[in-house]
Asker: 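Got a structure here, written out as structure tokens. Questions coming.
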Amino acid sequence: MALLDILDCTMDDLIEPIAAAGAVKKPKKAAAGGSAPESEGLGGLRPKRAWIPRS
């Protein structure tokens, strides 16, 4: 915002939005807890629950 004040311009004067080539929105997948296989999403990346033995 300070740069815009210094240059006495608007955001549109500095930035020209363009569509990226091949930018296609993919549909979002279901959240965790669904019936997705382990290979999809975070299934294989989830840490194992810690087990602390009582002594």
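Since the model is a prediction, treat every value here as computed from it, not as a measurement.
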Asker: Residues two or more places apart in sequence or in another chain: which of them pass side-chain contact (heavy atoms from CB on, under 4.5 Å) with I15?
Answerer: M11
Asker: Hydrophobic cluster mates of W51, side-chain heavy atoms under 4.5 angstrom, ILVMFWY only, any path?
Answerer: none
Asker: D13: what forms a side chain to side chain donor-acceptor pair (under 3.5 Å) with it, not counting sequence neighbours?
Answerer: T10
Asker: Is there a continuous path of hydrophobic side-chain contacts, each under 4.5 Å between heavy atoms, that joins L7 to M1?
Answerer: yes
